[in-house]
Amino acid sequence: MATVAQSIKYRNKVVDFPLENPEELNVPDEMLHENLCKPTTERTKRLKARCRWKHASAGEFIDKEVRAGIERMRLVTESHKATAGKPEVIRRALGLAHLLDNSTLVLQDDELIIGYHAEDPEMFPLYPELAYMAVQDYLMTDYCPQPKEEAQEILNYWKPFSIQAKCEPYFDPIDLTRMYQVSSMEGPMFASGYNSIVPPYETVLEDGLLKRIEMAREKLVHAQAEMEKTPWDATKQLAWIPKIDLWKAMIIADEAVINWARRHGRLAKIVAENFETNSARKEELLEISDICHRVPAEPCKGIKDAFQSKWFVFLICHALDRYASGFAQKEDELLEPYYNASVRDKSFQPMTHKDVVELVECERLKISEHGAGKSRAYREIFPGSNDLFILTVGGTKPGYVDACSDMTDAILEAARNIRTTEPSLVFRWDPVGRVKTKRLVFECIRDGLGYPSIMHNRIGVDQMKFFSKFSLNNNGVTDDEAHRWANVLCMSPGVCGRRKTQKTRSEGGSAMFPAKLLEIALNDGYDWSYSDMQLGPKTGKASEFKTFEDLVEAFRKQYAYVCSLVIRAKDVMRHFECRVMQMPFVSSIDDGCMELGIDSVELSEQPNGWHNPITTVVAANSLVAIKKLIYDEKKYTMQQLLDALHANWEGHEAMRQEFLNAPKWGNDDPYADPIIQDFYENILGGELAKVTNFSGGPVLPVGQAVGLYMEVGTRTGPTPDGRFGGDAADDGGISPYMGSDKKGPTAVLKSVAKVQKNQKTNLLNQRLNVPMMRSVHGFDIWKSYMDTWEQLHIAHVQFNCVSTAEMKAAQKEPEKHQDLIVRVSGFSARFVDIPTYGQNTIIARNEQHFGADDYEFLNSPL
Amino acid sequence: MATCKDCSFYFAVPENAGDYKPGKGDCVTQKEDAKGKYWLSKPTLNVTPSCPTFKKSK
Amino acid sequence: MSATAQNSSPNMMMHEETGTGKPCITCKWQIADPTNPVKGQCTVNRTQMGGVWKRWVSDVYNKTCGKHEEGKLSFREHV
Ligand code: SF4
Ligand code: SF4
């Protein structure tokens, strides 16, 4: 039997909460999720049943068939050797062309969207040109590329050329050791190869690559003529040389992509004519063949074209040319014209709305089995997921016109029906957004997917305009363009469209860890609990800090050191990316790069700098406890606290209870909140905003988490908030620490709303009560919560809506709960693929129960 | 000695294809594992000595 | 198992022992460093909540401790 929420007294009447779907009364709480999956067609049901998931956890792949392929390494190496002496950008294009001309193509049964990025559907490629350490780590695992000797030889060849080897000499070895540990800061991207990008899909879908080639040719003709002008002026005319090389490289890359797509077309036709016996599938394969012949060479004419063309571009940008996580796009607006052509006008590839939902489900399953050759750190920090794949829908068009469409609805319906952890969705919440679409957002959340996560539309639009002011070529986004944004990864908005998108993670992304920084600030910069070394500058003995401000100042110095180091690491990498990691294909599809002849990693018209302070709440709660018990009430001395911490509180339980019970974030508390607000706005945000990055803009904090709150917790000793060494160091972003928000959901909103200055965004996790959400009032309550959240000007919120009974049942019998999905932080994960401890941290999150006072505050229409 | 040219899995690249070269072909083979059927296409040359998967074309 | 370093005997704690027959690299509690594959992490210490309180292993070939065990942990026992 399903649990039904208890009746309450509200506005002088008794309100009951019967289930919206009475049939669910017979579904036991612990089996709910296994009854929610409803693939739209038999095809997507089959595809999901045989999906080649590539989930990782604790640094390892869960499915033992998953392994690294050698083909990409081999082909890029062959090309690198063969092209020595040519301009680097041309070498990059020739490298891509050699890979695309010679790689193995994969076509799987039942697929409607085709294409893969390795020589076998269980494999993923590696990138020795990026981080030699990351590849070396793979060579020491069970999923090492074979033959191993060849892989080692390739790695040895690349070591001096790799981006990591190029960057390392510009850092003190001590700083490198500190960065590589991922305890006070995330390792630099040059040592992990981790990356993200927002491909300008729009140009490919709208123009087609043949037109882009034509544009580059015209540019070349013009450049040649400019070079030949007399009288010669070296100060102007020499500048054409790198542009000429880039336009040539664009043509090489685009031609290679067209040929590669057409090889897929040939494969589909060969299979149709020589292997396939089912006549309906034969027809499908012939149609796929025709599509791959036309796109991405030509503009898309219908929705099938658009999905296929987009997939090819995704594979190049995220997996073949170089690795990048993410699936950033404003997908509903991107696909809307093709949806209209196929569904509304039926002018090309005519189909129904339901057919589009099936295509979205197919795309979701393609992403689910897309393997990422990411480094160990990133196989550890998104437990139970594959990689970070996040797309954005909703929001507004210029003039604050609702951007929700039937395409938005198709994306949401598919997500609700097929139930996969990836890709995650972001919904941009705006008051003008249509209710029909918001209802679908609710259904995904109510069904426990953990997504869409919700971003405040207007904060995002304003942020695009803010960063535009710092544009180095005075060509940041216009007010109209500011409406077209999507999250680059989990949390941070970035512009989408034909130009000005973020091309590399050296612009924004990556993390640093205030809980650890506070730990070392209490120990003169020394890390006694994990690495046993000096982890930051010497900032004084805590026992000698006379005032709370002395402690804050020590923390500020530790934090400022890390801020500049991590952004320097990104910008040094960017410097070398511009020289050896150019992306001529991406450049060819960006209108700015095409116009100006500047490579896409170098051209930054719209700054978008951010870095993620993660584990902020543990640091903030710790500061509050110290201020109260040591400096205000003088109940303990700093030395007593240090002794207790070094003993992991053993023998100091009464003292720990006092620190644990000090005021905590998330309770609208008049003592804690001003201290924490100041910490976020003036220290975390204020210090970071002093930094200027490669693009000329400030860097702002994005408080989020991925799985790092657990991972970094394991490297963080006991903290003054009463936490034991090793325990989770956060619950994601600005969310109250697990179980410490005791005053209900509206107190959480009131606390979080106080932090506004110097922030990019902050992640807020909330766990909602399943019976309330599944009741007849579920949508109305949630919508009134969302409207209040919007009015309070909070940047983000996301929800877990899973019962403790179901999670505990899944811990006991994982095989029976394959469809149980939970929100971890910036991503959703399959519950049974998370280590037990991670599962426990999610169970420990307070489930928010709404009382009459909450409904009153939210003005819920019950 | 048999070469790819004689193999039923060899498909010559059409002359109008962007990656056409004389003697170049696609080797297309069918695979199956616990998760289903799939096909692989690898570039090959008609003069390449046959591999263990070779099957004489009719 | 206690998660603190203080109250263990020196031999039980991680220490350097050049050429040890029981190096961290062969121990079931050792996992690779997140970035640098010649370094490692010791995961033997468990917290009350079931988490792992890790120690960095600066030299996986020449560090050891009294808790060395052969074998491999499942991902479920990690964080
Ligand atoms: S590589 Fe082997 S299977 Fe492929 S065409 Fe040649 S002989 Fe046939
Ligand atoms: S338990 Fe001891 S031997 Fe094993 S990894 Fe940890 S320190 Fe090394």
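A note on names: the letters A, B, ... follow the listed sequences, proteins ahead of strands, and every chain is numbered from 1.
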Proximity breakdown for A:Leu107 and chain B, heavy-atom pairs closer than 4.5 Å: both

Check whether any side-chain heavy atom of A:Glu287 sits under 4.5 Å from a side-chain heavy atom of A:Ile291, and report yes or no. yes

Distance in Å, A:Ile114 CD1 paired with A:Leu267 CG, rounded so as to fall on 0.5 Å steps: 6.0 Å

For residues A:Pro584 and A:Ile252, determine if any side-chain heavy atom of one lies less than 4.5 Å from a side-chain heavy atom of the other. no

For the OG1 atom of A:Thr77 and the CD1 atom of A:Ile70, what is their distance to the nearest 0.5 Å? 8.5 Å

Under 4.5 Å to a heavy atom of chain B? For A:Val106 that would be both

What is the ring orientation for B:Phe9 with A:Phe275, classed by angle as parallel under 30°, tilted 30 to 60°, or perpendicular over 60°? parallel

Kindly indicate whether the side chain of A:Ile367, heavy atoms from C-beta on, has any atom under 4.5 Å from the side chain of A:Asp387. no

Closest non-hydrogen contact found for A:Ala372 with A:Asn386 is N-OD1, 4.3 Å

Determine which donor-acceptor pairs between chain A and chain B fall under 3.5 Å and list them with their distances.
| residue | atom | partner | partner atom | Å |
| --- | --- | --- | --- | --- |
| A:Arg52 | NH1 | B:Asp33 | OD2 | 2.7 |
| A:Arg52 | NH2 | B:Asp33 | OD1 | 3.1 |
| A:Asp63 | OD2 | B:Lys35 | NZ | 2.7 |
| A:Leu105 | N | B:Ser41 | O | 2.8 |
| A:Leu105 | O | B:Ser41 | N | 3.0 |
| A:Leu107 | N | B:Trp39 | O | 2.9 |
| A:Leu107 | O | B:Trp39 | N | 2.7 |
| A:Asp109 | N | B:Lys37 | O | 3.1 |
| A:Asp120 | OD2 | B:Tyr38 | OH | 2.9 |
| A:Glu122 | OE2 | B:Lys35 | NZ | 2.8 |
| A:Arg266 | NE | B:Asp26 | OD2 | 2.8 |
| A:Arg266 | NH1 | B:Asp19 | OD1 | 2.9 |
| A:Arg266 | NH2 | B:Asp19 | OD2 | 3.1 |
| A:Arg266 | NH2 | B:Asp26 | OD1 | 3.0 |
| A:Arg266 | NH2 | B:Asp26 | OD2 | 3.3 |

